[in-house]
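First the structure, in the form of structure tokens, and then the observations on it.
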Amino acid sequence: MTLKARNRLTLTLSSFFLIFSLLTLAYFFYRLKTSFNGDSFLSQIKSNHLAVAFSNLFLALYIPLVSFYIYARFEKTPSSEVIYLLIFLLGCLPELTRLFIPLETIQRSYPRFLVTAGRALFWGRSICVISLFAASIFSAKSKSIETEQNVFVILIFSLALASIVPVNTAKIGQSLSIEIGWQNFVIFLYIVTALLTAASYAVSANLNENPIYLRLGLGIACLETGFFILATSSILAISAAGAVLMAAGTTRALSALHKLYT
């Protein structure tokens with residue numbers, strides 16, 4: 001992918017992220033206003049709902065802000081890794097569906113939504129893990145494989161898995177995530193892939209004798225950990241810690257990545 005094409009894709013995705021986040025939040029507040037009167041809805045709000053709302057509001061700001069920052073900071077930097085980071089941000093978008101799960105479980109108006117949300121969450125989280133792993137092994141500094149092909153495989157593979165995974169809408173966790181089949185095995189694979197991502201950066205640092213890879217790997221590890229804290233936490237203080245960790249990891253990773261190419 002040429003630098004010009006990558007910049008166009010980055011700007012297009014950044015605009016999409018911004019519009020999607022704004023429309024999702026607008027619809028969420030519209031649903032709150034039209035579906036409930038204040039007292040009846042607030043009486044059904046639980047502490048875990050507040051933690052999930054915080055996590056998703058943070059992501060709704062984080063996704064477009066980081067994507068536009070990537071466009072501005074890396075406009076002249078020939079880094080293929082930023083494409084994988086944009087795919088990671090794409091994988092974060094389905095988390096916003098968790099905002100609507102309390103509404104659907106209280107009203108029971110759209111049971112099909114819960115199935116779709118469960119598959120979307122699995123799809124997004126799978127993309128997040130795989131894209132960061134791909135960024136660690138398909139660096140433009142060390143690989144000549146076409147980025148477009150890799151991204152296509154990631155999207156199709158994760159979409160195929162999401163279309164067949166069983167979803168149990170009767171089991172909704174405290175973090176408002178809908179239980180899927182093979183849950184423990186999937187979590188195990190997520191952890192293994194995250195560890196392999198960190199190990200890949202450590203190997204790159206050793207092979208290239210460049211400590212920037214270690215700083216990049218540490219930033220990615222913090223980013224990934226922060227994201228999964230936000231995705232699984234049902235406690236407001238822990239969600240806030242996850243947001244701080246994710247923001248700090250993103251800052252460190254993007255700073256290290258820029259230095260790697262300058």
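All figures in this text were calculated on a predicted structure; none of them were measured in a lab. FYI, side chains are in, hydrogens and waters are out, and symmetry mates aren't considered; it's all heavy atoms of this structure.
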So, do [X] and [Y] sit near enough that their side-chain heavy atoms are less than 4.5 Å apart?
| X | Y | value |
| --- | --- | --- |
| Glu224 | Phe88 | no |
| Trp182 | Pro166 | yes |
| Val165 | Val186 | no |
| Thr24 | Phe100 | yes |
| Asn7 | Leu11 | no |
| Tyr84 | Val151 | yes |

Group every Ile, Leu, Val, Met, Phe, Trp and Tyr by side-chain heavy-atom contacts under 4.5 Å, then state whether Tyr27 and Leu57 land in the same group.
-> yes
Check whether Leu22 and Phe16 end up in the same hydrophobic cluster, where Ile, Leu, Val, Met, Phe, Trp and Tyr are linked by side-chain heavy atoms less than 4.5 Å apart.
->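 Different hydrophobic clusters.
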With Tyr62 via ring-ring contact (aromatic ring centres under 6.0 Å, His included) - residues at least two apart =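 Testing Tyr62 for ring-ring contact (aromatic ring centres under 6.0 Å, His included), a comparison that skips the adjacent residues, returns Phe58.
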Residue pair Ile235, Asn48: steps toward the side-chain contact (heavy atoms from CB on, under 4.5 Å) verdict | CA-CA 6 Å; Ile235 301 173; Asn48 64 309; over 6 Å; no
Are a donor atom and an acceptor atom from the side chains of Arg125 and Ser177 found within less than 3.5 Å of each other?
-> yes
Considering non-hydrogen atoms only, spot the tightest contact between Asn56 and Arg98 and give its length.
->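 Closest heavy-atom pair between Asn56 and Arg98: ND2-NH2, 3.6 Å.
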Closest approach of Ser175 and Val52, non-hydrogen atoms and distance?
->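 In terms of heavy atoms, the two residues are closest at O-CG2, 3.4 Å.
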Donor-acceptor list for residues 241-248 side chains, cut-off 3.5 Å, not counting sequence neighbours:
none

Out of curiosity, Leu89 CG to Leu65 CG, how far, rounded to the nearest 0.5 Å?
-> 10.5 Å
Below 6.0 angstrom between ring centroids: does that apply to Phe74 and Tyr261?
->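 No, the ring centres sit 6.0 Å or more apart.
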Set of side-chain hydrogen bond (donor to acceptor under 3.5 Å, both in side chains) partners for Ser126, sequence neighbours left out =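 Per chain and number, Ser126 pairs via side-chain hydrogen bond (donor to acceptor under 3.5 Å, both in side chains) with Tyr190.
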